[in-house]
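Side chains are part of it too, since the values below use all heavy atoms of this structure and drop only hydrogens, waters and symmetry mates. Note that the coordinates shown come from a computational prediction; the quantities given were computed from them, not determined experimentally. Per chain, numbering begins at 1; letters A, B, ... match sequence-line order.
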Amino acid sequence: MPGNSPLDRNFFLQPTVSVARDRLGKRVVLRSENNQRLSGFITEAEAYVGTEDLACHAHVGKTQRNAVMWGPAGYAYVYFTYGMHWMLNFVTEKEGFPSAVLIRGIWPDEGLDEMLHRRPVASLSNLSNGPAKLCQALGINGRWNGVDLCGKGAKLFVEEGVNIRMDSINIGPRVGLNNVPEPWKSKPWRFWVDPSEFEQG
DNA sequence: GCGACGATGGGCT
DNA sequence: GCCCATCGTCGCA
């Protein structure tokens with residue numbers, strides 16, 4: 001099976017908006033404690049770009065929570081929100097420029113049993129179609145913050161996946177930025193794949 | 001199928 | 001003390 005080596009750091013070094021768009025269809029892989037591959041194809045992602053972007057956690061300056069975003073590309077930024085949810089981001093661009101791609105959905109593929117055990121749902125389409133849902137299904141929590149996605153023996157990484165046609169990619173404003181001022185609130189930095197690409201698998 | 005809303009706790013001013 | 005880069009459930013159709 002082709003594409004079984006992790007994407008290298010160059011895939012995360014590019015402009016954040018490009019990373020968010022061009023990584024749709026790539027495979028996110030987590031090696032579980034049972035040494036099982038849990039994986040799925042990225043269906044939705046958003047870009048958060050630097051301290052100027054008032055929607056980006058980095059806009060308040062470097063803190064203990066968001067420090068990973070200032071580091072090198074290709075690391076995981078995992079944070080906790082709403083009192084109960086974990087979110088997975090990939091750090092992008094060069095060291096010192098705080099930016100990341102929020103992974104908002106994956107289409108589940110490998111390790112379905114283990115993922116469904118963590119997150120019992122009736123339909124696969126509801127297993128990991130949300131930023132907190134995919135973290136729950138994969139078992140991602142704060143201990144994954146700051147892990148290298150590109151290092152040797154990485155337990156969390158990204159592989160080549162399925163090809164996504166340009167005309168099945170949707171573009172729109174980012175989700176959940178209720179009190180963020182313009183123009184940041186409306187930046188078209190959310191990208192998602194037509195559900196029809198996966199649902200009849 | 002869809003809109004409203006409560007849960008729940010860390011981070012920041 | 002307020003604000004969330006959310007989700008599940010409930011009521012209603």
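Backbone-only engagement by A:R119 is indicated by non-hydrogen atom pairs under 4.0 Å involving sugar-phosphate atoms exclusively. Note on A:A55: a base of the nucleic acid sits closer than 4.0 angstrom, heavy atoms only. A:N179 comes within 4.0 angstrom of sugar-phosphate atoms only, judged by non-hydrogen atoms across all strands, and of no base. Across all strands shown, A:M84 has heavy atoms under 4.0 Å from base atoms, whether or not it also approaches the sugar-phosphate. Nucleic acid contact for A:L102: base, since at least one base atom lies under 4.0 Å from a heavy atom of the residue.
Contact annotation: A:T63 reaches the phosphate of B:dC12 (side-chain N/O to OP1 or OP2, under 4.0 Å). The phosphate of C:dT6 (OP1 or OP2) has a side-chain N or O of A:R104 nearer than 4.0 angstrom. For A:R65 and C:dC4, the shortest distance from a side-chain N or O to OP1 or OP2 is not below 4.0 Å. Applying the 4.0 Å criterion to OP1 and OP2 of C:dA5, one finds that A:H57 has a side-chain N or O inside that range.
Heavy-atom nearest nucleotides on DNA chain C were determined for A:G130 and for A:N178, and the one closer to the 5' end corresponds to A:N178. Residue whose closest nucleotide on DNA chain C sits further toward the 5' end, between A:V101 and A:N126: A:V101.
Using a cut-off of 4.0 Å between Lys/Arg side-chain N and Asp/Glu carboxylate O, A:R174 and A:D53 are scored as salt-bridged. Taking a cutoff of 4.0 Å between a charged side-chain nitrogen and a carboxylate oxygen, A:R27 and A:E160 do not qualify as a salt bridge.
Counting to the nearest Å, the C1' atom of C:dG8 and the CD atom of A:Q136 are 11 Å from each other. Here C:dT6 presents its C1' atom at 14 Å from CG of A:N89, a figure rounded to the nearest Å. The distance between atom OH of A:Y79 and atom C1' of C:dC3, rounded to the nearest whole Å, is 13 Å. In this structure, NE2 of A:H85 is placed 14 Å from P of B:dG10, rounded to the nearest angstrom. In this structure, CH2 of A:W184 is placed 17 Å from P of C:dC4, rounded to the nearest angstrom. Distance A:N129 CG to C:dT6 C1': 12 Å, rounded to the nearest Å. Distance, A:M69 CE to B:dG11 P: 14 Å, rounded to whole Å. If you take CD of A:E44 and P of C:dA5, they are 15 Å apart, rounded to a whole angstrom.
A:H85 and A:F80 have their aromatic ring centers separated by at least 6.0 angstrom.
Put simply, the side chain of A:Y82 and the base of B:dA7 share no donor and acceptor less than 3.5 Å apart.
Applying the Watson-Crick and G-U wobble criteria (two distances, each under 3.5 Å), B:dA7 pairs with C:dT6.
Side-chain contact annotation: A:N66 with A:K62, donor-acceptor N/O pair under 3.5 Å absent. A side-chain donor-acceptor contact under 3.5 Å links A:E182 and A:S186.
You can call A:Y48 stacked on the base of C:dA5; the centres are under 5.5 Å apart and the planes sit within 30°.
Geometrically, A:R23 does not engage A:F90 in a cation-pi contact defined by less than 6.0 Å to the ring centre and at most 45° from the axis.
Taking the side chain of A:M87 as heavy atoms from C-beta on, and the options B:dC12, C:dT6, C:dA5, the nearest nucleotide is C:dT6.
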